[in-house]
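The next block holds one structure in the form of structure tokens; read it before the comments.
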Amino acid sequence: MLLADLVATSAAVAATRSRKAKTAAIAERLAQADPAELEVVTSYLAGSLRQRRTGLGWRSLATLPAAAAEPSLTVLEVDAAFRRMQALSGPGSAAARTAAVGELFRRATPDEQGWLRGVVTGEVRQGALDSLVQEALALAAGVPLADVRRAAMLAGSTVAVAARAFAGSDALAEVGLEVGRPVLPMLASSAPTVAEAVAKVGGRVAVDTKLDGIRIQVHRDGDEVVVATRTLDDITGRLPQVVDLVRSLPAERLVLDGEAISIGDDGRPRPFQETASRTATRTGVGTHVSAYFFDLLHLDGRDLLDQPLAERLAALDALVPEPHRVARVMTEDADEAAAFAARVLESGHEGVVVKSLAAPWEAGRRGAGWIKVKPVHTLDLVVLAVEWGSGRRRGWLSNIHLGARDPETGGFVMLGKTFKGMTDEMLRWQTERFTELAVDGTDGWVVPVRPEQVVEIALDGVQRSTTYPGGVALRFARVLRYRDDKPPHEVDTIGTVQAMLGG
DNA sequence: TTCCGACAGTGGGGTCGCAAT
DNA sequence: ATTGCGACCCCACTATCGGAA
């Protein structure tokens, strides 16, 4: 298959807003793929390369050679080119990579160059990702979507089951949970209060402590242990204590789901930054990282995936010692759940996850069985500058720079940015408003403004920063509303924000 | 007809590893 | 030694489609 054909499909998918039409276009292209190229085509139609890392990013593609007039690249040639680039490392690899990019892009037409750049930077933006490709696979192969989804969950990717989809439902059904091969993780949606989460889940629920660490999935087969992250990255070598712990459990084959986090000598959780640092480093030592498990998917030959959570938890409790499980209550009473959540926060943890005790394990259904609840802080800050948006926000002033008041200088200290929480109406309004407040000094991207507009910001908390002058940055900041009832000299001070670090 | 679940898009800060400077 | 890029950890929120109610 020519890359040009695939790029044409991507353009057609981008050109319509109808999901059905997108799915149909993708399905048509999938049906035309040879068996040998099916995995590459499936991956490309979802907007991703098959190579996890290429060493290429937006910067590497800033300058490109002149484009070809006629299409000639095949999808397999493109895959081979990226495979070669992935293999490059060591001194001189950057130059070799640049040469390889030149070779590939010289053979691409302007449209193909645009698509190649998008797939490398993860910005194909055609309005279809993995989920719609799963639908397209089901459509093209004439198999139920649920079969495709389940096989993809168990195999850890959609690409891995594309060929089986075309071989039929029976072939898909042969894909089972394999100890040692990570499955796609089950995700949680969120709710503002515990009471709402309990009501939404319904019936008897488990309320788990939500730890602010790294999600881990641990597989053990005899002495062989594999630790994987949420994106199924293998981090076994970085968490030796977790490996030892799981080896010590009284079972031979198992699959556990949990969280890795640094806990201080006082028994309270360390900031997320410490856990991240510790788990990101391959060789270094540092604070101890402990594992706390909250689910069990397999135990000694028995798959628990399809069992209700209540049964999985019973098996978990029998297997894993209490100090290595997340604290939990099981109840039907929203007040009891809320009281537990209050104790969890008191102990320094992030929040709770409310789970249906009747629900089986189901990846990729954010919203069904698990609902997280975290407290929200708010600050009133002033807007210091705005950035022009991209994609669907092109032409709108989008990402705002936030500042707290510095009582000593009478000025403002930047704490971070946010583009979240804005409706289209707010984007329209702020584009007009900040155009009025703009001062000289724009670089064409960032527009500095007079610090006069106050905004109420919601955030999960603050963290240490080496980027911002106050030494603190906001975590997950989003706009609640613009405030015209509050003058800039009354917004929160940098001292107030710094004090939240200790909290 | 209205409601709501699922999906994609738009990016945020921090940390490390690696190659180049 | 320092710098810049790429990769990946955590993540919130809105708009929209299309099936469910």
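Below, chain A is the first sequence line, B the second, and so on; all start at residue 1. Note that this is a predicted model, so its numbers are computed, not measured.
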Q: Tell me whether the OP1 or OP2 atom of dC18(B) has a side-chain N or O from S89(A) closer than 4.0 Å.
A: no

Q | Nucleotide dA8(B), atom P - distance to CZ of R125(A) in whole Å | A | 14 Å

Q. Contact class for Q126(A) vs. all strands (heavy atom < 4.0 Å): base, sugar-phosphate, or nothing?
A. sugar-phosphate

Q: Measure distances between side-chain N and O atoms of R392(A) and base N and O atoms of dT10(B), and say whether any donor-acceptor pair falls under 3.5 Å.
A: no

Q.
Any side-chain N or O of R52(A) below 4.0 angstrom from OP1/OP2 of dC8(C)?
A. yes

Q. Does the pair R405(A)/D492(A) count as a salt bridge with the N-to-O cut at 4.0 Å?
A. no

Q | Sugar-phosphate, base or nothing in reach of A276(A), heavy atoms under 4.0 Å | A | nothing

Q) Counting only side-chain N and O atoms of Q273(A), is one of them less than 4.0 Å from OP1 or OP2 of dT15(B)? A) yes

Q. Between dT14(C) and T423(A), is there an OP1 or OP2 to side-chain N/O distance shorter than 4.0 Å?
A. no

Q | Note: R475(A)-D212(A) ion pair, threshold 4.0 Å (strictly below) | A | yes

Q.
Just N and O in the side chain of W58(A): are any of them under 4.0 Å from OP1 or OP2 of dG6(C)?
A. yes

Q: Examine dG12(B): is either OP1 or OP2 under 4.0 Å from a nitrogen or oxygen in the side chain of N399(A)? Give yes or no.
A: yes

Q) When we call it a touch if two heavy atoms are under 4.0 Å apart, what does A458(A) touch: a base, just sugar-phosphate, or nothing? A) nothing

Q) Closest to the E387(A) side chain: dG12(B), dC10(C), dG14(B)? A) dG12(B)

Q. So what does D233(A) touch, heavy atoms closer than 4.0 Å: a base, only the sugar-phosphate, or nothing?
A. sugar-phosphate

Q.
Between C1' on dA8(B) and CD on E135(A), what's the gap in Å once rounded to a whole number?
A. 12 Å

Q: Remember a base hit wins even if backbone is also touched, and classify K374(A) as base, sugar-phosphate or nothing at under 4.0 Å, heavy atoms.
A: sugar-phosphate

Q) Closest to the S277(A) side chain: dA20(B), dG9(B), dT15(B)? A) dT15(B)

Q: Begin from the C-alpha positions of S398(A) and R393(A) and carry the test side-chain hydrogen bond (donor to acceptor under 3.5 Å, both in side chains) through to its verdict.
A: CA-CA 7 Å; S398(A) 174; R393(A) 291 191 176 187; 2.9 Å; yes

Q: Applying salt bridge (charged side-chain N to carboxylate O under 4.0 Å, His left out) between D460(A) and each of K374(A), K372(A), K210(A), K420(A), report the one that passes.
A: K374(A)

**Q.** Euclidean distance, atom CZ of residue R428(A) to atom P of dA15(C) [Å, nearest integer]
**A.** 9 Å

(Q) So F293(A) and V246(A), do their side chains get closer than 4.5 Å, heavy atoms only? (A) yes

**Q.** Comparing T54(A) and D460(A) on DNA chain C - which has the more 5′ nearest nucleotide
**A.** T54(A)

Q.
At less than 4.0 Å, is any side-chain N or O atom of R17(A) found next to OP1 or OP2 of dC17(C)? Yes or no.
A. yes

Q: Give the nucleotide from the list dC11(C), dC7(B), dT10(B) with an atom nearest to the side chain of F476(A).
A: dC11(C)

Q: Report yes if a side-chain nitrogen or oxygen of R59(A) is closer than 4.0 Å to either non-bridging phosphate oxygen (OP1 or OP2) of dG4(C); otherwise report no.
A: no

Q: Respond yes when some side-chain nitrogen or oxygen of K22(A) is under 4.0 Å from OP1 or OP2 of dA8(B), and no when none is.
A: no

Q. Which comes earlier along DNA chain C counting from the 5' end, the contact point of R478(A) or that of A21(A), where each point is its nearest nucleotide?
A. R478(A)

Q) Got D208(A) and V352(A) here, is their nearest side-chain heavy-atom distance under 4.5 Å? A) no

Q | Partner nucleotide of dA8(B) by Watson-Crick or wobble geometry (both distances under 3.5 Å) | A | dT14(C)

**Q.** Spacing of K372(A) atom NZ relative to dC11(C) atom C1', expressed in whole Å
**A.** 7 Å

Q) For the pair made of CH2 in W396(A) and C1' in dA15(C), what is the distance, rounded to whole Å? A) 10 Å

(Q) Less than 4.0 angstrom from a charged side-chain N to a carboxylate O is my criterion; do R83(A) and D79(A) meet it? (A) yes

Q) Taking 4.0 angstrom as the limit, do R117(A) and E123(A) come out as a salt bridge? A) no

Q. Atom CZ of R393(A) to atom P of dC13(C): distance rounded to whole Å?
A. 13 Å

Q: Between A95(A) and R19(A), just flag the one whose closest nucleotide in DNA chain B comes earlier from the 5' side.
A: R19(A)

Q | Earlier contact from the 5' end, DNA chain B, for K417(A) and G90(A) | A | K417(A)

Q | T281(A) vs dT15(B): side-chain N/O to OP1/OP2 distance below 4.0 Å | A | no

Q: Please report, rounded to the nearest Å, how far the P atom of dG17(B) is from the CZ atom of R278(A).
A: 11 Å

(Q) Side chain of T231(A) only, heavy atoms from C-beta on: which candidate in dG9(B), dC9(C), dC10(C) is closest? (A) dC9(C)

(Q) Set out, in order, the CA-CA distance, both residues' side-chain angles and the distance that settles side-chain hydrogen bond (donor to acceptor under 3.5 Å, both in side chains) for S262(A) and R270(A), then state yes or no. (A) CA-CA 6 Å; S262(A) 283; R270(A) 301 300 302 160; over 6 Å; no

Q: Establish, with yes or no, whether the OP1 or OP2 oxygen of dC11(C) is under 4.0 angstrom from a side-chain nitrogen or oxygen of K210(A).
A: yes

(Q) How many whole angstroms separate atom CG of L184(A) from atom P of dC7(B)? (A) 12 Å

Q: Report which part of the nucleic acid R97(A) touches: base, sugar-phosphate, or nothing (heavy-atom distance under 4.0 Å, all strands).
A: nothing

(Q) For a quick check of understanding: with a heavy-atom distance under 4.0 Å over all strands, which category does T279(A) fall into, base, sugar-phosphate or nothing? (A) nothing

Q: May I ask you to say what S93(A) touches in the nucleic acid, namely base, sugar-phosphate or nothing, with a heavy-atom cut-off under 4.0 Å?
A: sugar-phosphate

Q | Phosphate-side-chain proximity, S131(A) and dC7(B), N/O vs OP1/OP2 below 4.0 Å | A | yes

**Q.** Residue-phosphate contact under 4.0 Å: T467(A) side-chain N/O, dG14(B) OP1/OP2
**A.** yes

Q: Can you figure out which of dG11(B), dA8(B), dC10(C) approaches the side chain of F419(A) most closely?
A: dG11(B)

Q: Check every atom of dG11(B), dC7(B), dC10(C) against the side chain of S390(A) and return the nucleotide holding the closest atom.
A: dG11(B)

Q. Under 4.0 Å between a side-chain N or O of S398(A) and OP1 or OP2 of dT10(B)?
A. no

Q) Checking all strands, does A473(A) fall into the base, sugar-phosphate, or nothing category for heavy-atom contacts under 4.0 angstrom? A) sugar-phosphate

